[in-house]
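Numbers here simply count residues along the sequence, with the first being 1. No experiment lies behind these values; they were computed from the predicted model shown. Below, all heavy atoms of this structure are taken into account, side chains as well, without hydrogens, waters or symmetry copies.
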Amino acid sequence: MLVLRKFLVVAILLTFVPVAAATLTIPAPPDWWPDPYGPSDGLTRAQFHDFSADPNAGMPPDWTYDGFTPVVQDTWTLSPNLIYDIPVESHGGQDWPVMWEGYGERLNDGVGAWVADETLTKRMGNERYDYIKEIYALAIWYSPGGASLSIDVTSELPGDIVNVYQTDYVDGTWHATVLEGTIIPQPNWEDFDFVFSGPAFLDCIYIGTHCPEPTTIVLAAAGAFAALRRRK
């Protein structure tokens, strides 16, 4: 049955794939994004998920950069309806930002997961509890039928101030959807919810969290609380 479903999905994709591959604009990462090959910085955690297989399996080419050991284990909550290792046409070539060096081929490897009206939730664990947490998420996806993606963040702490914004980079039917911002104070964990409406092919997801140095934390906290007071 699974083989038949995969065959039908592939047939649908081949029906809608454009003749000319799009060249998608991939945004530059935040300044704090780590060097995937570099040493631990004690402040940052970053992950890449390929979706050629279940990301909970931790199979290559997925990777994780751990600048510290989280107190809560990372997990994915996924629908059993996801179909992995689905082929789709390339979204073109471009100069990858530094974030992607050595990983660009994975971001454009022609396989991923087929999703339809699904929510994929990634829980990211933290270590510190009273600092600001800077967050970043990027999803590369393709929709043959006008699907949409909303990335939401929920925190362990109900009193957290979550300041995030989403940006969509689009070329034809290819999308690079980014969510970035801050959480104050940092919780033990936060959930990233990738909510798809309509059928889509998910190429890959990058997720990163970062705890700034103390001076940066004080300045960012002052700005966030000042903005909150102005809204009242």
Asks: Begin with the C-alpha distance, continue with both residues' side-chain angles, and end with the deciding distance and a verdict on side chain to side chain contact (heavy atoms under 4.5 Å, CB included) for M124 and W189.
Replies: CA-CA 5 Å; M124 288 285 282; W189 54 261; over 6 Å; no
Asks: First locate atom CG of L82, then atom CZ of F51, and finally report the distance between them rounded to the nearest 0.5 Å.
Replies: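 The CG atom of L82 sits 7.5 Å away from the CZ atom of F51.
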Asks: Nearest heavy-atom pair of P70 and F68: which atoms, and what distance?
Replies: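 Shortest heavy-atom separation between P70 and F68 comes out as CD-O, 3.5 Å.
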Asks: With sequence neighbours left out, which residue pairs that include part of residues 114-126 fulfil the salt bridge (charged side-chain N to carboxylate O under 4.0 Å, His left out) condition?
Replies: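 For residues 114-126, and leaving out neighbouring residues, the salt bridge (charged side-chain N to carboxylate O under 4.0 Å, His left out) pairs sorted by first residue read R123-D191.
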Asks: How close do S143 and P199 get, heavy atom to heavy atom, and via which atoms?
Replies: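 Smallest heavy-atom distance, with atoms named: OG-O, 3.3 Å.
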Asks: Is a side-chain N or O of D50 found less than 3.5 angstrom from the main chain of S52, in a donor-acceptor match?
Replies: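 Checked: pair present.
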Asks: Any side-chain heavy atom of Y84 sitting closer than 4.5 Å to one from L78?
Replies: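 Result yes, sub-4.5 Å side-chain heavy-atom pair found.
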Asks: Are H49 and W76 close enough that their ring centres sit under 6.0 Å apart?
Replies: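 Under 6.0 Å, so yes.
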Asks: Can you tell me if Y65 uses its side chain to pair, donor with acceptor, with the backbone of P39 under 3.5 Å?
Replies: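 Checked: pair present.
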Asks: Distance alone, cut at 3.5 Å: any donor-acceptor contact between the side chains of Q166 and D152?
Replies: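 Per modelled atom types, Q166 and D152 side chains form no pair under 3.5 Å.
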Asks: By the salt bridge (charged side-chain N to carboxylate O under 4.0 Å, His left out) test, which pairs, at least two apart or in different chains, include something from residues 36-46?
Replies: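 Listed once each, the pairs are R45-D66, R45-D74.
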Asks: Yes or no on side chain to side chain contact (heavy atoms under 4.5 Å, CB included) for Y206 and Q47, after CA distance, side-chain angles and deciding distance?
Replies: CA-CA 6 Å; Y206 284 81; Q47 299 183 7; over 6 Å; no
Asks: Working to the nearest 0.5 angstrom, can you tell me the gap between I151 CD1 and I205 CD1?
Replies: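 CD1 of I205 is found 7.0 Å from CD1 of I151.
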Asks: For side chain to side chain contact (heavy atoms under 4.5 Å, CB included), just list the numbers for T177 and L138, CA-CA rounded to whole Å, side-chain angles, deciding distance to a tenth of an Å, and then say yes or no.
Replies: CA-CA 6 Å; T177 302; L138 165 65; 5.9 Å; no
Asks: Verify, without hydrogens or angle tests, whether E156 (side chain) and N188 (backbone) share a donor-acceptor contact under 3.5 angstrom.
Replies: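 Side chain of E156 to backbone of N188: a pair is present.
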Asks: Using only atom types and a distance under 3.5 Å, with no angle test, would you say the side chain of N126 pairs donor to acceptor with the backbone of P187?
Replies: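 Present.
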Asks: Taking the six-membered ring where the residue is Trp, are the ring centres of W114 and F201 under 6.0 Å apart?
Replies: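 No, they do not, as the ring centres are separated by 6.0 Å or more.
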Asks: Determine whether F194 and W141 fall in the same hydrophobic cluster, where Ile, Leu, Val, Met, Phe, Trp and Tyr are linked whenever their side-chain heavy atoms lie under 4.5 Å apart.
Replies: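 Linked, F194 and W141 end up in one cluster.
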Asks: For the side-chain hydrogen bond (donor to acceptor under 3.5 Å, both in side chains) test, which of T75, D193, T77, T154 pairs with T121?
Replies: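 So, applying the side-chain hydrogen bond (donor to acceptor under 3.5 Å, both in side chains) to T121 and each of T75, D193, T77, T154, only D193 qualifies.
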